[in-house]
Structure formats: structure tokens, C-alpha cells
Amino acid sequence: MKIFETRRVRDIDAATIAREPIASIDLMERAASRLTEVISAKFGCRGHFFAIFAGPGNNGGDALAVARMLAGRGERVAVWLVAPQGKLSPDCRQNLERLRLVNLPVTMCDAYFEAPLLPEEAVIVDGLFGSGLSRPIDGLFADVVTFINACKAVTVAIDIPSGLHGEKFWECETENIVAADHTLTLQFPKLSLFFSENEKWVGQWQVVDIGLDVETIDELPAKYNFTEFDEIKSLLRPRKRFSHKGDYGRALLVAGSLGMAGASTMAARAALRSGVGLLTLSIPQCNNTIVQTSVPEAMTLPCCGDAHIEAVPVTSVFNAVGVGPGLGTHAETSAALLQLIEQATQPMVLDADALNILAKNPQYMHKLPSGSVITPHPGEFARIAGAGNSLEQLEKAMNLAMKLNICVVLKGAYTAVCSPDGNCCFNSTGNAGMATGGSGDVLTGVVLALLARGYSATDAARIAVYVHGLAGDIAATDFGQTAMTAGDIINALPSAWKNMEK
């Protein structure tokens with residue numbers, strides 16, 4: 001699913017009006033009808049009282065139409081229209097007239113706002129401003145936002161919480177943003193929804209399809225996307241009946257140190273559960289018995305060094321190399337990793353301590369083989385690229401991917417896969433239960449398996465991130481988010497892959 005800048009969404013609205021053709025007021029009616037369906041499904045027929053706060057523009061017009069439709073369904077509704085000097089957009093004004101025709105009273109707030117006393121069962125619908133707002137909220141609107149945020153009522157925002165910019169969220173006055181519990185974003189997710197800074201304003205969000213022109217959407221380019229099941233399924237290659245293990249790649253995993261054998265075993269198990277043909281682990285001697293016992297399907301190459309890796313094997317016989325889980329940053333290990341980067345010609349996936357070593361030796365970033373993947377969490381990426389807000393970090397990751405011809409997987413609630421072509425795909429699977437030790441090691445193993453099987457860096461990363469998150473969702477269903485572990489994610493990988501293969 002494409003993610004467009006708000007100015008592009010306005011273009012798509014206009015194209016829909018022209019191509020369908022449809023009047024703008026009728027397009028608003030369609031959007032309001034679909035919003036009403038979602039709101040009714042969440043809260044309707046449960047004795048709720050709907051307090052609708054509408055602004056003077058088209059977002060306010062949507063809110064007024066929703067108020068009329070909720071009232072038509074027998075719901076208790078009250079409306080406050082916030083419009084300094086009574087200035088309204090044409091479609092907002094027309095929806096105000098439609099409200100009056102059905103005798104639904106509207107409290108006009110054109111000079112001041114008198115805070116109402118809402119019942120405990122109230123649901124607030126925020127329709128003050130949409131995603132096109134380009135300035136901070138102040139004055140009369142700020143008074144309304146302050147009131148909404150002080151209420152204990154559940155708040156539902158139409159398109160985006162009022163006061164939050166669709167892209168440049170760091171420019172917003174945070175004290176004047178509606179803190180929504182639910183955000184019903186129209187047709188496309190807005191970029192601001194994907195960043196941790198905005199979670200307290202956005203709450204839970206979902207896309208509401210309002211029927212904008214599909215042809216226009218397909219024609220317009222978008223550098224941001226939101227990954228969906230069908231996209232990932234289309235990337236998968238079926239296993240041929242007459243294939244053999246050599247057809248699915250030979251992978252080398254360089255991992256582990258004293259006390260960190262678990263990281264290497266989790267990454268190895270995940271790789272084997274993701275279809276790699278042959279897996280070899282290069283590990284310190286102290287981990288050999290543990291790995292051989294825990295992952296009998298894998299081969300091991302105990303390297304020179306007992307407590308940590310001090311040397312690396314020749315990599316020419318492998319199709320892909322993974323390095324980092326449980327590695328440590330000892331001087332000998334760092335030297336071995338840099339030597340590995342020097343000699344490797346096949347794609348690599350680097351995570352955890354491999355990234356910490358690279359951060360201390362940034363000149364080696366440019367020596368990574370083309371088509372490699374790095375999978376940093378925000379802290380690791382900050383050590384590589386410097387600090388910044390979430391959007392700045394994402395832009396750095398996208399630039400780094402293009403500059404080095406690699407794929408950067410910036411991990412988070414909506415893990416971003418930044419590809420060498422300059423595009424970014426946010427992942428749609430996964431949950432907070434995956435914020436547990438070892439989850440990243442599992443992802444490294446899945447990426448490694450797919451690289452060894454011959455997938456491109458971008459496809460391997462996108463598939464791995466999606467399936468990893470899907471396995472996490474399955475594990476959360478079985479065990480709950482609090483109790484689940486990285487091992488549960490590995491155990492759920494077969495079900496995740498089976499779902500993708502159906």
C-alpha cells in the first residue's frame with residue numbers, strides 16, 4: 001500500500017472527482033459513510049454518546065456528515081462546530097445545512113468555546129483538522145484541543161489527530177495536538193503514524209478505504225509503502241519437486257561468545273526454519289557442544305579461540321554470510337570481522353555486535369559487499385549514523401542504503417526496510433511482545449536463509465521482516481505478549497511460512 005505526502009492525496013482526491021466523475025460533496029458523503037460504518041462497529045448500539053467536534057474545512061465536513069449518519073442510526077449525537085468568524089469551506093457549509101434539515105442541533109463556536117459537560121459514556125470524534133494542516137493550532141482551536149485532551153472519553157480522530165502534521169510532525173506544537181485513542185486514516189496511512197514520537201497522539205490506527213481512483217493511485221510514484229500480505233506472497237518462490245539441498249544455498253553464520261551461545265543457536269534455528277539448504281556456524285570452541293546439541297541440523301567450524309571468535313574461515317564456498325549475534329566486541333573478534341568484510345564477495349547480513357564493531361570502524365561500511373543487509377535497532381543505527389529524531393534517522397537509513405547499495409532494516413514497531421533504489425517499506429506485522437532478547441537474532445537467521453537461497457537484499461529483507469513479525473503475532477496469540485520469548489517466535493516460524501505458502 002502506497003504512502004503519499006498529503007499534497008499528493010489532494011491531487012488524488014481531485015483526480016477521483018474528475019475521472020469518476022463525482023462531485024466533491026458526494027465523495028465526502030462516501031468517505032463519511034465508510035467512517036460511520038467503522039465507528040458504529042466499534043462503539044455503536046452500546047449506549048454511547050457521540051460528541052462531534054468539527055472544524056471549518058473538509059475534515060469538519062466529514063465530521064458533520066458522520067454526525068448526521070450516526071444520528072440516522074439512532075445514536076445520541078451532539079455537535080460543536082468550531083469556525084472563527086463563521087468561515088466554512090463549501091462542502092462543510094453544505095453538510096451543516098444537511099444537519100439542520102434533520103433537526104440535529106449544532107453548537108456554533110465562532111468567537112469562544114464554552115466547555116460542555118459530557119456524560120461518562122461519551123465518545124469524542126475529532127474532526128477539527130485533517131492531515132493537510134501546515135501550521136500549529138492556536139486560539140479557539142487550541143481551547144477545544146485542551147478540552148478534548150482533558151476529557152476521560154474515548155477519542156476517535158478522522159484522518160489524523162488534529163494538530164499533527166502528516167509529515168513534518170517535529171514542527172507541531174505538542175501541547176495542541178489531540179491525543180486520540182483511535183485514528184481512522186482515509187485511504188492511505190500518513191507518514192507520521194509510523195513514528196514512536198507520535199504514538200501518544202495516534203493511538204490505534206486503521207485505514208478506511210474511501211474509494212479514491214485506483215488508476216491514479218497506481219500511476220503516482222511513492223517512495224514510502226506499507227507492506228501487505230499479498231505483496232510478500234507474490235515474492236515467494238515455490239520449491240521445485242526435483243530440487244535438492246544445494247538448490248537452497250549454503251549459509252555461514254559467524255556468531256557467539258562465552259555466555260552468548262543462545263544468540264547463535266536462535267539465529268541458526270531461525271535460518272533452518274526458513275528453508276536454507278545447508279548451514280554452517282563459525283563459533284568459539286566454548287559454544288561448540290551447546291550448538292551441536294541444540295541445532296543438530298547445522299554444521300560447526302569451531303574457530304581459533306575458546307571464549308570468543310579470533311579468526312574466520314574462508315567464505316568462498318558459501319552463498320551468504322551472517323555475522324553478529326552474540327559476537328562480542330573483543331579486539332580479536334573485531335579484527336576477524338573486518339578481515340571477513342575484506343574477503344567476502346557474497347551478500348552478508350550484519351546485526352548486533354557486528355554493527356557495533358562497524359560503528360567503531362566506519363571506513364569498512366564502504367567495503368560491505370553489494371546486496372548486503374544490515375539490521376540495526378535505533379540505538380545501533382545512532383552509533384553508525386549519529387543521533388536524530390525518528391524521521392531524520394529514517395532519511396539517513398534511506399540515504400545509506402542508496403550510497404552503499406545495501407538494504408538497511410531499521411527495526412521498530414513498524415520496521416522500515418530501506419532499499420538501494422531509494423524506497424522504504426514499513427512492515428505491517430509484529431507486536432510489542434517481540435521486544436525481548438533474541439528477537440533480533442531470529443530475524444538475522446531468517447534474512448540469512450533467504451539471502452543464501454538467492455533472494456535479492458530487498459526481497460530477502462522484506463520477506464524476512466514480514467514473516468518474522470507474523471511468527472511473532474502467532475506466538476502472541478498462543479502465549480500473550482508478556483510471556484512470549486524469542487524461542488516462541490522460532491517455534492511459530494513453521495506456521496508463519498505455512499500461512500504464506502497457502
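Heavy-atom basis, side chains included; hydrogens, waters and symmetry copies ignored. Residue numbers count from 1 along this sequence.
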Participant: In terms of ring plane angle, is the pair Phe226 and Trp205 parallel, tilted or perpendicular, where the classes change at 30° and 60°?
Facilitator: tilted
Participant: Could you walk me through whether Gln204 and Asp181 pass the side-chain contact (heavy atoms from CB on, under 4.5 Å) test, one step at a time?
Facilitator: CA-CA 6 Å; Gln204 298 293 319; Asp181 299 289; over 6 Å; no
Participant: Look at the side chain of Ser257 and the backbone N and O of Met260, then say whether any donor-acceptor pair between them is shorter than 3.5 Å.
Facilitator: no
Participant: Tell me whether the count of non-hydrogen atoms from other residues, nucleotides or ligands lying under 6.0 Å of NZ in Lys233 goes above 12.
Facilitator: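 It does: Lys233 NZ has more than 12 such atoms within range.
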Participant: Can you confirm whether Arg30 sits close enough to Ile210 that some side-chain heavy atom of one is under 4.5 Å from a side-chain heavy atom of the other?
Facilitator: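 With C-beta onward as the side chain, the pair stays apart.
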Participant: Got a second to check how far Ser419's OG is from Asp459's CG, nearest 0.5 Å?
Facilitator: 9.5 Å
Participant: So Leu191 and Phe426, do their side chains get closer than 4.5 Å, heavy atoms only?
Facilitator: yes
Participant: Dump the intermediate steps for side chain to side chain donor-acceptor pair (under 3.5 Å) on Arg269 and Asn491, then the final yes or no.
Facilitator: CA-CA 9 Å; Arg269 289 178 60 212; Asn491 293 336; 2.9 Å; yes
Participant: Counting only heavy atoms not in Gln206 (residues, nucleotides, ligands), do more than 12 fall under 6.0 Å from its CD?
Facilitator: yes
Participant: Does any part of the side chain of Glu342, heavy atoms only, come nearer than 4.5 Å to the side chain of Lys367, both counted from C-beta?
Facilitator: yes
Participant: Would Tyr466 and Glu231 count as a side-chain contact (heavy atoms from CB on, under 4.5 Å) here? Give the steps.
Facilitator: CA-CA 10 Å; Tyr466 188 92; Glu231 295 175 70; over 6 Å; no
Participant: Using the rule given for side-chain contact (heavy atoms from CB on, under 4.5 Å), can you reason through Met348 versus Ile341, listing the C-alpha separation, both sets of side-chain angles and the distance that settles it, and then say yes or no?
Facilitator: CA-CA 9 Å; Met348 301 177 67; Ile341 293 173; 4.3 Å; yes
Participant: List the steps and the verdict of side-chain contact (heavy atoms from CB on, under 4.5 Å) for Glu297 and Leu279.
Facilitator: CA-CA 8 Å; Glu297 300 91 343; Leu279 176 65; over 6 Å; no
Participant: Just distance, no hydrogens or angles: give the donor-acceptor pairs under 3.5 Å from side chains in residues 322-340, sequence neighbours left out.
Facilitator:
unit_1: Glu332; atom_1: OE1; unit_2: His308; atom_2: NE2; d: 3.2
unit_1: Thr333; atom_1: OG1; unit_2: Ile309; atom_2: O; d: 2.7
unit_1: Ser334; atom_1: OG; unit_2: His330; atom_2: O; d: 3.1

Participant: So, are Asp351 and Lys411 salt-bridged, with charged N and O less than 4.0 Å apart?
Facilitator: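 Salt bridge present between Asp351 and Lys411.
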Participant: Can you pull the ring pair (Phe, Tyr, Trp, His ring centres under 6.0 Å) pairs that have at least one residue in residues 345-384, sequence neighbours excluded?
Facilitator: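 Not a single pair qualifies under ring pair (Phe, Tyr, Trp, His ring centres under 6.0 Å).
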Participant: Report yes or no: does Arg8 contribute a side-chain atom to a donor-acceptor pair with the main-chain N or O of Leu220 at less than 3.5 Å?
Facilitator: no
Participant: For Gln363, does the CD atom sit with more than 12 other heavy atoms under 6.0 Å from it, leaving out its own atoms?
Facilitator: yes
Participant: To the nearest 0.5 Å, how far apart are CG in Leu184 and CD1 in Ile160?
Facilitator: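 If I round to the nearest 0.5 Å, the distance is 12.5 Å.
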Participant: What closest approach, in Å, do Val276 and Ala449 show between heavy atoms, and which atom pair accounts for it?
Facilitator: CB-CB, 3.9 Å
Participant: Keeping the roles fixed (side chain from Gln187, backbone from Gly211), state whether a donor-acceptor pair exists under 3.5 Å.
Facilitator: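 At least one qualifying donor-acceptor pair exists.
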Participant: Using a distance-only test with no angle check, is there a side-chain donor-acceptor pair under 3.5 angstrom linking Ser162 and Asp126?
Facilitator: yes
Participant: Flag the pair Val156 / Phe50 as yes when at least one side-chain heavy-atom distance between them is below 4.5 Å, and no otherwise.
Facilitator: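 A side-chain contact under 4.5 Å is absent here.
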Participant: State whether the side chain of Asn399 and the backbone N or O of Lys396 hold a donor-acceptor pair below 3.5 Å, judged by distance alone.
Facilitator: no
Participant: For the side chain of Ser294 and the backbone of Val291, is there at least one donor-acceptor N/O pair under 3.5 Å apart?
Facilitator: no
Participant: Using modelled atom types and a 3.5 Å cut-off, is there a donor and acceptor pairing between side-chain atoms of Asp62 and backbone atoms of Ala32?
Facilitator: no
Participant: Please tell me if the side chains of Val9 and Ser131 come closer than 4.5 Å, counting only heavy atoms from C-beta onward.
Facilitator: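 Of all side-chain heavy-atom pairs linking Ser131 with Val9, none is under 4.5 Å.
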Participant: With a 6.0 Å cut-off (strictly less than), is the heavy-atom count around CZ of Arg462, excluding the residue itself, greater than 12?
Facilitator: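 Enclosed: over 12 neighbouring heavy atoms sit under 6.0 Å from CZ of Arg462.
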Participant: The test is side chain to side chain donor-acceptor pair (under 3.5 Å); show your working for Asp13 and Thr16 and say whether it passes.
Facilitator: CA-CA 5 Å; Asp13 282 342; Thr16 302; 5.5 Å; no
Participant: Locate the shortest heavy-atom distance separating Arg34 from Val208; write the atom from each residue and the value.
Facilitator: CB-CG1, 3.8 Å
Participant: When you measure from the side chain of Ser192 to the backbone of His165, do you find a donor-acceptor pair of N or O atoms at a distance under 3.5 Å?
Facilitator: yes
Participant: With rounding to the nearest 0.5 Å, note down the distance linking CG in Asn356 to CG in Asn361.
Facilitator: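 Rounded to the nearest 0.5 Å, the CG-CG separation comes out at 11.5 Å.
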Participant: Determine whether Leu410 and Pro376 make a side-chain contact, defined as any pair of heavy atoms from C-beta on separated by less than 4.5 Å.
Facilitator: yes
Participant: Got a second to check how far Leu253's CG is from Ile283's CD1, nearest 0.5 Å?
Facilitator: 9.0 Å
Participant: Give a yes or no answer on whether the side chain of Ser439 reaches the backbone of Ala435 with a donor-acceptor pair at less than 3.5 Å.
Facilitator: no
Participant: Atom CD1 of Ile177 and atom CH2 of Trp201: how far apart are they, to the nearest 0.5 Å?
Facilitator: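 It comes to 5.0 Å.
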Participant: Answer yes or no: is there a donor N or O on one side and an acceptor on the other, between the side chain of Lys2 and the main chain of Asp218, under 3.5 Å?
Facilitator: yes
Participant: For Arg239, is there an ion pair with Asp247 - N to carboxylate O distance below 4.0 angstrom?
Facilitator: no
Participant: Would you tabulate the side-chain donor-acceptor contacts of residues 469-482 under 3.5 Å, counting partners in other chains and residues two or more places apart, or write 'none'?
Facilitator:
unit_1: Asp473; atom_1: OD1; unit_2: Gly430; atom_2: N; d: 3.3
unit_1: Asp473; atom_1: OD1; unit_2: Asn431; atom_2: ND2; d: 2.9
unit_1: Asp473; atom_1: OD2; unit_2: Gly430; atom_2: N; d: 3.1
unit_1: Thr477; atom_1: OG1; unit_2: Asp473; atom_2: O; d: 3.0

Participant: Do the non-hydrogen side-chain atoms of Tyr224 and Glu167 ever get within less than 4.5 Å of each other?
Facilitator: no
Participant: Should we say atom CD of Gln343 is surrounded by more than 12 heavy atoms from elsewhere, each under 6.0 Å from it?
Facilitator: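 Atom CD in Gln343 is crowded, with more than 12 foreign heavy atoms closer than 6.0 Å.
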Participant: Below 4.5 Å, heavy atoms only, C-beta onward: do Lys223 and Met398 meet side chain to side chain?
Facilitator: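 Lys223 vs Met398: side chains touch.
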Participant: Give a yes or no answer on whether the side chain of Asp159 reaches the backbone of Leu186 with a donor-acceptor pair at less than 3.5 Å.
Facilitator: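 Yes; judged by distance alone, with no hydrogens or angles, the pair exists.
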